[in-house]
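Treat the numbers as computed from the prediction; the structure is a model and nothing was measured.
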Amino acid sequence: MKYEIKKLAWIDSIFVPMEDSNSTTMLILARAGSIYENRKNNWISHFLEHMFFKWWKKYETPKSVAEAVDSFGWEFNAFTWDTYAGYYVKSAPDFVEKWLDVLWDMIMNARFPQDEMEREKWVVIQEVRMYEDQPTALVMDKWQEFYYWDNSYWWSTLWPVENIQWFTREDLIEHKLDLYTKDNLIIIIAWKIADQKAVEDQITTLFADLPEKKRIDRPEFQWILAKQKEWKFVKWTAQNHIIIWAKWFDWNDERRYAASIFSTILWWNMSSRLFQNIREKEWLCYYIRAAHHTQPHDWIFMVRAWLEKERFDYWVEKIMWELKKISNWDISKEEFDKAIWFNVWQYQMWIESSDEMANFVWNQYLLYWEIKSLDDILAKIRNVKIDEVISVADCLKEEKLYKYWIE
């Protein structure tokens with residue numbers, strides 16, 4: 001895998017050639033998620049994402065934006081999380097320069113008219129209501145709120161609803177000036193190369209007037225864990241939605257490769273322990289997941305499941321028994337070897353399309369400020385030792401586990 005990182009208009013711009021691809025993905029990523037908010041403006045990052053799609057300079061109305069991008073053959077969307085916001089396009093390679101023009105107008109020239117903001121507020125409130133009706137999403141927010149207390153690293157990107165009622169055009173402009181700056185953006189293009197020099201010149205020209213430096217930085221992260229080892233939130237759902245989790249190791253720890261193997265053994269594929277022993281043999285649930293979550297500021301391992309209410313305690317004990325077995329070094333050489341090869345094959349398949357390649361690149365750059373090639377990562381995976389996986393499993397001893405659920 002080849003790539004180039006260039007400073008264009010003083011913005012980190014990453015080009016990933018994909019000669020065999022029939023699509024191009026272009027992504028503008030800003031380190032501008034909810035961790036940069038305060039209690040007064042909590043969820044302004046997400047609302048700003050919505051308003052970026054309306055009323056620009058060249059494309060003056062939402063309809064003109066839609067008509068322009070529809071003519072290119074497109075996938076055009078955005079996302080906002082705790083640490084970042086992203087705006088991306090996937091289309092045929094011939095339209096790269098047209099898409100750059102659209103994304104430039106979006107980031108540089110969004111006007112945020114107050115009357116349009118008032119209409120969009122109700123749209124976003126309906127989005128909140130939608131997630132409140134989805135226990136899978138709601139349990140994550142309630143879990144974060146309970147275990148991490150009053151800390152912007154764990155505030156939702158969508159709550160509290162009352163905040164949005166007071167946002168003004170000036171609030172959005174100020175938040176954009178705070179974080180949408182040359183030193184705080186990344187541009188990634190994964191593509192079948194046409195004329196890279198022309199695209200580089202276009203980026204340099206279009207984004208020349210973007211502010212140079214961000215005006216705020218993220219606060220210091222502190223672990224403030226609740227004293228209770230388990231808690232619940234009552235919503236009268238048809239099933240109980242549970243999170244079982246433990247604090248793990250540093251985001252930059254080389255054990256993250258062993259953690260990937262461990263996650264595979266425990267859950268990641270159909271022959272994994274949780275899938276076979278909890279879903280297939282016991283028939284106790286449809287949904288069960290386990291994963292190692294890594295950010296620059298925190299690192300946890302989490303098991304999630306939807307469980308029958310009537311025998312909830314019994315089913316939780318079944319899951320805890322699986323965690324107890326694997327945390328007591330019960331890992332065979334056979335399942336270890338199978339997990340190694342499953343990871344190797346998964347990584348190879350993950351980056352076949354341009355959007356997957358863009359995700360592969362930006363996740364690394366955002367976390368580590370470097371990009372490892374596929375060959376480098378596969379070598380790391382192949383060199384994982386079973387003893388390393390066993391040491392990772394030790395982090396899930398019962399006394400280290402927390403539980404939170406919605407019922």
Side-chain angles (χ1 to χ4, degrees), residues 1 83 221 223 225 243-279 288-305 319-351 356-357 359-403:
M1 184 190 83
T83 53
F221 177 78
W223 284 96
L225 297 178
I243 295 172
I244 302 171
W245 71 281
K247 182 179 175 182
W248 261 25
F249 44 82
D250 191 307
W251 63 281
N252 204 27
D253 197 308
E254 285 292 299
R255 286 180 293 174
R256 65 184 183 271
Y257 300 103
S260 184
I261 305 306
F262 174 83
S263 299
T264 303
I265 294 170
L266 187 61
W267 166 73
W268 201 3
N269 56 32
M270 291 177 62
S271 60
S272 65
R273 295 188 180 193
L274 290 181
F275 194 95
Q276 285 297 315
N277 297 338
I278 301 299
R279 174 176 162 152
I288 189 163
R289 300 284 188 272
H292 175 210
H293 294 267
T294 304
Q295 293 278 18
H297 53 271
D298 71 287
W299 37 93
I300 60 175
F301 188 87
M302 176 184 295
V303 177
R304 301 179 62 186
I319 296 173
M320 293 293 288
W321 173 244
E322 292 297 328
L323 296 180
K324 181 177 182 179
K325 284 194 299 182
I326 202 167
S327 68
N328 285 331
W329 308 343
D330 176 26
I331 297 175
S332 71
K333 181 66 163 57
E334 179 183 4
E335 62 184 344
F336 168 76
D337 289 339
K338 287 166 61 177
I340 291 286
W341 285 109
F342 183 83
N343 273 257
V344 168
W345 297 329
Q346 285 287 307
Y347 269 103
Q348 290 173 326
M349 290 187 292
W350 272 342
I351 59 173
E356 292 164 342
M357 177 62 80
N359 287 335
F360 177 76
V361 168
W362 77 254
N363 270 290
Q364 293 190 68
Y365 198 71
L366 188 75
L367 281 174
Y368 311 116
W369 291 95
E370 66 173 356
I371 303 167
K372 292 186 182 295
S373 71
L374 177 62
D375 288 341
D376 289 338
I377 291 176
L378 295 184
K380 292 281 188 180
I381 291 171
R382 290 188 178 105
N383 287 330
V384 171
K385 304 296 188 291
I386 192 169
D387 289 347
E388 295 173 310
V389 179
I390 288 172
S391 72
V392 165
D394 190 64
C395 297
L396 293 186
K397 296 289 189 185
E398 186 170 358
E399 63 272 14
K400 301 177 183 179
L401 295 175
Y402 291 80
K403 304 186 193 79

Can you tell me how far the CD1 atom of Ile351 sits from the CD atom of Glu356, to the nearest 0.5 Å? 9.0 Å
Counting only N and O atoms by type, is there a donor-acceptor contact under 3.5 Å from the side chain of Trp350 to the main-chain atoms of Phe360? no
Full working for side-chain contact (heavy atoms from CB on, under 4.5 Å) between Trp267 and Val303: CA-CA 9 Å; Trp267 166 73; Val303 177; over 6 Å; no
Checking Lys324 side chain against Glu398 main chain: does a donor-acceptor pair fall under 3.5 Å? no
Heavy-atom pair of closest approach, residues Cys395 and Ala246: O-CB, 3.7 Å
For Leu401 and Leu323, the nearest pair of non-hydrogen atoms, with its separation, is CD1-CD1, 4.0 Å
Testing the basics here: between Gln276 and Met270, what is the closest heavy-atom pair and its distance to 0.1 Å? NE2-O, 2.7 Å
Determine all donor-acceptor pairs shorter than 3.5 Å in which one atom belongs to a side chain in residues 377-386; sequence neighbours excluded.
| residue | atom | partner | partner atom | Å |
| --- | --- | --- | --- | --- |
| Lys380 | NZ | Glu254 | OE1 | 2.9 |
| Asn383 | ND2 | Ala379 | O | 3.0 |
| Lys385 | NZ | Asn383 | O | 2.9 |

I'd like to know if Lys325 pairs up with Glu322 as an ion pair, taking the criterion as any Lys NZ or Arg NE/NH1/NH2 lying under 4.0 Å from an Asp or Glu carboxylate oxygen. yes
Classify the angle between the aromatic ring planes of Trp245 and Tyr402 as parallel (below 30°), tilted (30 to 60°) or perpendicular (above 60°). parallel
Can a donor-acceptor pair be found, under 3.5 Å and without considering hydrogens, that links the side chain of Thr264 to the backbone of Ser260? yes
First locate atom CD1 of Ile288, then atom CG of Asn277, and finally report the distance between them rounded to the nearest 0.5 Å. 10.0 Å
Got more than 12 heavy atoms from elsewhere within 6.0 Å of CD, Glu370? yes
Closest non-hydrogen atom pair, Ala258 against Val392: CB-CG2, 3.9 Å
Do Tyr257 and Asn343 have side chains that approach each other closer than 4.5 Å (heavy atoms only, starting at C-beta)? no
Apply side-chain contact (heavy atoms from CB on, under 4.5 Å) to Asp330 and Arg273, showing your working. CA-CA 11 Å; Asp330 176 26; Arg273 295 188 180 193; 3.7 Å; yes
Separation of Lys397 NZ from Asn328 CG (nearest 0.5 Å): 4.0 Å
How far does CZ of Arg289 sit from CE of Met302, to the nearest 0.5 angstrom? 13.5 Å
What's the shortest heavy-atom distance between Phe301 and Ala290, and which atoms? CZ-CB, 3.9 Å
CD on Gln346 to CZ on Phe342, rounded to 0.5 Å: 4.0 Å
Go through Ser271 and Asn269 one step at a time and tell me if the side-chain hydrogen bond (donor to acceptor under 3.5 Å, both in side chains) criterion holds. CA-CA 6 Å; Ser271 60; Asn269 56 32; 3.2 Å; yes
What's the spacing between Leu266 CG and Ile261 CD1 if we round to 0.5 Å? 13.0 Å
